[in-house]
Amino acid sequence: MNVLHQHNTQLPNPSFNVEEKKVWELLDQVYDPEVPVLSIVDLGIVRKVEIEGLVVTITITPTYSGCPAMDVISMNIRLHLLQNGITDIKIVQALSPAWTTDWMTEKGKQKLKAYGIAPPVGKSFDQQWMEDVQVECPNCRSNNTRLLSEFGSTSCKALFQCNDCKEPFDYFKCH
Amino acid sequence: MIEISNSELQDVPVQKLPVEALINYTLNLADTSLILGHRNSEWTGHGPVLEQDIAISNIALDLIGQARNFYQYTAEVINKNQVAFDLPYVTGRAITEDDLAYLRDVLEFKNLLLVEQPNGDWGQTILRQFFFSAYQYLLYEQLQKSKDSQLAAIAEKSIKETTYHLRWSSEWVIRLGDGTEESHQRMLNALQEFWMFTGELFKPSAYEQVAAAMQIGVDVTTLKGAWMEKVTAVLEEAKLPLPTTPALQSGGKTGTHSEHLGFILAEMQFLQRAYPNSNW
Ligand SMILES: [Zn+2]
């Protein structure tokens with residue numbers, strides 16, 4: 001692992017001072033294993049970063065209760081911070097307030113679109129999202145699309161099809 | 001494992017009651033979600049069409065995830081309060097969520113009878129999910145206000161998922177009820193099979209009564225009106241009759257189960273029973 005090599009000068013240094021901003025930057029380099037184009041910061045999974053002395057506490061929240069990626073995400077956070085010289089890491093899982101797609105960053109939505117997944121439309125507190133949302137086809141940009149299934153390849157996605165270019169596509173559902 | 005029944009209430013020291021009621025209450029929520037999640041997962045790879053195979057598997061995943069949150073919390077309460085909780089193969093270590101799912105026997109499971117019934121055909125599975133989601137939605141709505149902040153947090157998290165399950169299963173009940181002659185007939189059959197288990201949802205066990213009195217749990221008797229309203233509306237749209245037969249089957253909440261639960265546990269728990277404490 002060349003990352004370890006690059007940074008190993010920092011590893012044993014107990015006076016290394018971690019800055020919160022730096023931790024957020026590092027977390028933005030940890031990707032969601034199920035939607036690998038999004039960082040966990042883009043997704044809004046990281047809720048809080050607290051630094052007390054040398055201990056860095058990171059609060060994360062699951063997207064869905066059964067999200068199988070949470071354990072992998074915790075491990076990846078740990079590994080990535082370790083590789084960057086942060087050794088005292090505490091990861092806390094919080095369920096409340098419940099995760100919502102409203103926390104997804106604008107940058108994240110653009111990345112999703114470029115990747116071929118339609119980003120969430122509207123705000124989760126607006127109950128309209130349950131009704132007929134108009135989702136833009138990520139392939140041809142047509143708004144003439146239809147819902148095939150409310151449940152897709154992962155918990156966070158629904159399956160749509162474009163009536164114009166006929167391509168089926170994933171929609172990251174508003175939640 | 002400590003059970004609280006009405007007759008025993010007086011004998012238990014007062015300060016122990018809240019913790020025991022909390023443990024039993026949380027296990028009831030966990031077991032119900034786990035068993036229905038397990039039942040739904042039996043459809044994985046066998047769904048009528050790919051999209052619906054994925055849908056029912058997703059619902060299974062949500063339910064098992066919710067069960068995990070409840071089991072984790074139960075384990076935390078047991079460990080923190082050093083409650084004597086007898087489980088095979090667990091000595092000299094803290095209890096985990098897995099122990100609670102894999103090492104308790106039929107009599108200790110507190111799930112609703114409704115969720116352990118065999119899947120039957122797609123219509124039966126759909127109707128059971130609809131009955132359950134309509135109930136779970138109302139339950140979580142109230143549980144969000146629990147004085148126990150972790151139960152409230154799990155409810156807040158889970159209700160968003162349940163909203164999807166309810167919407168999806170309602171639409172399917174309508175589609176099948178108001179579909180072909182055969183699908184209509186199968187839904188009538190499903191009503192016949194499952195209606196009898198719906199009374200238990202609103203019949204509180206002793207630990208639910210204690211939990212409700214402590215305002216950590218929900219008084220399930222108060223949910224019945226809104227549930228009937230929802231069920232009546234959906235069945236009407238599905239052109240299905242609202243059953244008038246009494247729904248008297250109960251006992252799951254206190255460990256009196258149908259013969260089906262044993263088979264589920266035998267399959268689900270086999271590995272941990274055969275190879276205790278094994279890890280991935
Ligand atoms: Zn298109």
Side-chain angles (χ1 to χ4, degrees), chain A residues 34 44-45 47 59-75 91-103 120 123-133 146-161 168-175, chain B residues 29-30 33-34 37 40-41 43-44 47-73 76 97 136 140 143-146 148-172 280:
Chain A
E34 286 188 341
I45 286 176
R47 301 316 304 155
T59 305
I60 54 173
T61 191
T63 51
Y64 285 75
S65 299
C67 179
M70 284 318 278
D71 294 338
V72 179
I73 288 173
S74 297
M75 192 182 72
I91 298 174
V92 181
Q93 259 203 46
L95 294 174
S96 175
W99 177 81
T100 157
T101 41
D102 299 349
W103 295 340
K123 291 284 178 196
S124 70
F125 52 78
D126 178 7
Q127 279 298 307
Q128 269 310 111
W129 66 270
M130 286 300 265
E131 302 313 320
D132 304 297
V133 283
R146 67 193 174 101
L147 176 74
L148 287 184
S149 171
E150 256 172 65
F151 299 89
S153 55
T154 63
S155 307
C156 55
K157 288 178 241 150
L159 195 59
F160 270 70
Q161 186 173 24
F169 62 90
D170 277 332
Y171 165 56
F172 202 109
K173 45 187 179 197
C174 195
H175 187 76
Chain B
L29 297 173
S33 286
L34 178 69
N40 285 344
S41 78
W43 276 104
T44 304
V49 287
L50 183 61
E51 285 80 10
Q52 301 315 323
D53 188 305
I54 292 170
I56 196 83
S57 301
N58 263 296
I59 293 174
L61 190 63
D62 286 342
L63 288 169
I64 292 168
Q66 294 173 13
R68 281 192 64 186
N69 285 330
F70 286 123
Y71 283 130
Q72 280 167 10
Y73 183 49
E76 192 187 311
E97 52 172 322
Q136 197 187 37
Y140 283 154
L143 194 61
Q144 290 183 90
K145 303 173 204 151
S146 169
D148 184 297
S149 59
Q150 187 61 12
L151 288 182
I154 298 172
E156 181 192 335
K157 174 88 215 152
S158 307
I159 195 170
K160 296 178 113 187
E161 294 150 12
T162 305
T163 307
Y164 275 111
H165 307 168
L166 179 57
R167 186 182 182 208
W168 175 85
S169 55
S170 303
E171 283 173 358
W172 265 101
W280 280 105

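Quick note on labels: first sequence line is chain A, next is B, and so on, each numbered from 1. Hydrogens, waters and symmetry mates are skipped; everything else that's a heavy atom, side chains included, is used.
- Shown here for B:K160 and A:W99, the closest heavy-atom pair between the two residues is NZ-O, 2.7 Å.
- In this structure, CD on B:E51 lies 10.0 Å from CG on A:L147, to the nearest 0.5 angstrom.
- Under the 4.5 Å side-chain criterion, counting only non-hydrogen atoms from C-beta, B:L61 is in contact with A:S155.
- Neither the backbone nor the side chain of B:Q144 comes within contact range of chain A; no heavy atoms are under 4.5 Å apart.
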Quick one: do B:Q52 and A:F151 satisfy side-chain contact (heavy atoms from CB on, under 4.5 Å)? Show the steps, please.
CA-CA 8 Å; B:Q52 301 315 323; A:F151 299 89; 6.0 Å; no
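- When side chains are defined from C-beta on, B:N58 does not count as touching A:E150, because their heavy atoms never get closer than 4.5 Å.
- Aromatic ring orientation, B:Y164 versus A:H175: parallel (interplanar angle below 30°, classes split at 30° and 60°).
- Most heavy-atom pairs under 4.5 Å with chain B, from the set A:P68, A:P62, A:S153: that is A:P62.
- Residue B:N69 touches chain A through its side chain alone, counting heavy-atom pairs closer than 4.5 Å.
- For B:E97, the salt bridge (Lys or Arg N to Asp or Glu O under 4.0 Å) partners at least two apart in sequence or on another chain are B:R68.
- Partners of B:D148 by side chain to side chain contact (heavy atoms under 4.5 Å, CB included), not counting sequence neighbours, listed by chain and number: B:L22, B:Y73, B:S146, B:Q150, B:L151, B:I216.
- Per-residue counts of heavy-atom pairs under 4.5 Å with chain B were compared for A:T63, A:T154, A:T61; the largest is that of A:T63.
- Closest heavy-atom contact between A:P97 and B:E156: CA-OE2, 3.3 Å.
- Looking at B:I64, neither its backbone nor its side chain comes within 4.5 Å of chain A, counting heavy atoms on both sides.
- Residue B:Q66 holds its CD atom at 4.5 Å from OG of A:S65, rounded to the nearest 0.5 Å.
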